[in-house]
K.L.:
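This is the structure I have questions about; it appears just below.
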Amino acid sequence: MRAALAALLMLPQAAHAQDWVTPEVCAVDEPFIAEQVFEPPGRAALEAEAATIPNGTGRLWQIASPDGKVSHLWGTMHSSSRHVLDVPQEVIDILLASRSFAVERDFRHLDRDSYRRWIFWDGVFQQDRFLSVADILPDGADPNIIVWIYARLNDRGINSEDVSLLSLGGLMEILLTDPCEDFVGGTRPILDDYLATRAHIANMPVRGLEGPHDIRDHVNANEATASALIGMFGAYLMPVTSNAERATSFALYRQGRISLMMAWDAAFLAEMLGPDAEAAVELGHSYLIDDRNRTFVNAALPDVTEGGAFLAVGAFHLPGEAGMVALFRDAGFTVTRVPLPGEAP
């Protein structure tokens with residue numbers, strides 16, 4: 001890893017740029033499924049794996065309390081693509097008829113201290129150690145991930161000297177951003193923010209299911225989790241030359257085939273993160289998905305007990321034995337899928 005990093009730092013600065021991230025690669029005229037993106041291991045193997053994931057199909061779920069109070073759970077995709085923002089009218093009608101709205105993280109500043117923490121980049125940089133991306137990645141990870149991470153940081157205005165001053169959580173939050181959103185940042189909302197805006201216009205209470213800094217703070221305090229997550233999101237920066245992967249993701253999302261998206265994601269990470277991939281992905285997901293699922297459900301319990309709540313979270317939070325659908329059922333609620341036009345049966 002150190003040799004790869006040294007070679008990277010000797011490259012001309014122009015070689016660091018994410019030149020492959022172009023409007024053409026990011027643009028999708030119409031979502032479609034490109035079979036080649038599933039290789040390896042192939043679509044049949046991924047379909048078989050997806051079939052083992054409970055509650056893996058569907059984006060909209062009705063949550064009924066024991067006394068019949070109804071709320072809804074909606075799986076989002078963190079994208080501003082028009083194909084993602086084109087929410088079925090049935091979903092919009094349910095949202096606007098709801099009493100309250102909750103999203104994963106509400107990034108509004110509810111007090112002056114929160115604003116100051118954001119404006120002064122609290123927790124993004126550190127004083128007591130120097131970060132080495134090469135040392136933090138999981139052992140055996142594709143060394144190209146180092147190059148891709150530095151390229152991403154360079155395009156976000158952070159040079160190679162400043163990288164060493166980043167905190168683990170600061171680096172992680174930068175890698176959470178989709179490079180294709182660079183072209184529309186601040187002009188078009190991702191789906192989560194779009195729905196929050198619709199709720200705001202309807203004068204509906206809007207809140208986050210966790211604090212805006214919780215992910216950063218957790219990653220800063222847990223180096224093993226940081227290693228797993230930085231490796232995972234660094235791998236997603238792999239250069240591509242077409243929009244086939246993006247178009248396929250949009251198509252699967254619109255079809256509500258969330259478990260197939262999850263199986264495809266796991267296969268990709270297994271290929272990129274080497275012999276420790278399974279352990280790294282399990283560790284990363286145990287926090288980013290499983291632990292946060294419990295946080296979200298616990299935070300939402302008062303609202304769904306009262307009824308009329310609309311919860312919007314990333315679609316990967318819905319399926320699985322530790323998914324939010326299962327957790328609400330374990331808490332005594334009746335959770336039923338609401339099929340939408342165009343979704344798989």
Side-chain angles (χ1 to χ4, degrees), residues 1-21 25 78 120-182 185 213-240 245 265-266 268-289:
M1 286 295 188
R2 287 187 179 278
L5 176 61
L8 167 69
L9 296 180
M10 290 188 291
L11 291 173
Q13 191 73 6
H16 297 187
Q18 287 186 291
D19 292 336
W20 64 272
V21 185
V25 165
H78 306 317
F120 290 111
W121 292 43
D122 181 46
V124 175
F125 292 96
Q126 58 192 351
Q127 301 291 331
D128 58 343
R129 60 173 292 180
F130 291 99
L131 175 67
S132 167
V133 175
D135 288 343
I136 199 63
L137 288 181
D139 290 340
D142 188 326
N144 285 307
I145 293 175
I146 304 171
V147 179
W148 304 337
I149 288 175
Y150 274 84
R152 179 64 182 147
L153 295 173
N154 180 244
D155 264 15
R156 291 296 300 270
I158 300 175
N159 62 37
S160 57
E161 294 179 358
D162 292 337
V163 170
S164 65
L165 302 178
L166 282 171
S167 69
L168 294 171
L171 173 58
M172 171 62 189
E173 288 208 320
I174 293 171
L175 297 183
L176 278 173
T177 60
D178 177 0
C180 284
E181 294 295 329
D182 294 350
H213 308 294
D214 285 0
I215 291 180
R216 182 196 307 163
D217 291 346
H218 182 90
V219 172
N220 276 338
N222 294 272
E223 187 164 326
T225 301
S227 173
L229 292 174
I230 290 168
M232 291 164 60
F233 283 91
Y236 296 147
L237 296 172
M238 183 181 72
V240 296
E245 289 84 0
D265 177 68
F268 169 74
L269 292 174
E271 182 179 0
M272 297 302 301
L273 296 183
D276 292 337
E278 184 175 353
V281 172
E282 182 177 354
L283 180 60
H285 281 173
S286 69
Y287 165 65
L288 200 63
I289 303 295

K.L.:
Looking at C180 and V21, what are the two nearest heavy atoms and their distance?
P.N.:
N-CG1, 4.2 Å
K.L.:
Hey, can you tell me if Y236 and F233 have their rings parallel, tilted or perpendicular (30° and 60° cut-offs)?
P.N.:
perpendicular
K.L.:
On a heavy-atom basis, which atom in P179 and which in Q18 lie closest, and how many Å separate them?
P.N.:
CG-NE2, 3.8 Å
K.L.:
So I174 and L166, do their side chains get closer than 4.5 Å, heavy atoms only?
P.N.:
yes
K.L.:
Do you know which of V163, V219, L176, I149 makes side chain to side chain contact (heavy atoms under 4.5 Å, CB included) with L171?
P.N.:
I149
K.L.:
Quick one: does any side-chain atom of N154 pair with a main-chain N or O of N159 as donor and acceptor, under 3.5 Å?
P.N.:
no
K.L.:
Work out which heavy atom in G170 is nearest to a heavy atom in S167; give both atom names and the distance.
P.N.:
N-OG, 2.8 Å
K.L.:
What's the shortest heavy-atom distance between G123 and N220, and which atoms?
P.N.:
O-ND2, 3.1 Å
K.L.:
Give the table of side-chain donor-acceptor pairs shorter than 3.5 Å for residues 221-231, with sequence neighbours excluded, one pair per line with atom names and distance.
P.N.:
{"unit_1": "N222", "atom_1": "ND2", "unit_2": "H218", "atom_2": "O", "d": "2.7"}
{"unit_1": "E223", "atom_1": "OE1", "unit_2": "R129", "atom_2": "NH1", "d": "3.2"}
{"unit_1": "S227", "atom_1": "OG", "unit_2": "I136", "atom_2": "O", "d": "2.5"}

K.L.:
Less than 4.5 Å apart, side chain to side chain, heavy atoms only: is that true for E278 and L283?
P.N.:
no
K.L.:
If we ignore hydrogens and angles and just use 3.5 Å, is the side chain of D276 paired with the main-chain N or O of P138 as donor and acceptor?
P.N.:
no
K.L.:
Mind listing the closest non-hydrogen atom pair of W20 and M238 along with its distance?
P.N.:
CH2-O, 3.7 Å
K.L.:
Mind jotting down which residue pairs meet the side chain to side chain donor-acceptor pair (under 3.5 Å) criterion with at least one end in residues 169-182? Sequence neighbours excluded, please.
P.N.:
S80-E181, R105-E173, R152-T177, R152-D182, R156-T177, E173-R216, D178-R246
K.L.:
State, to 0.1 Å, how close L175 and G234 come at their nearest heavy-atom pair, and which atoms those are.
P.N.:
CD1-N, 4.3 Å
K.L.:
For a 4.5 angstrom cut-off between non-hydrogen side-chain atoms, does L273 reach M232?
P.N.:
yes
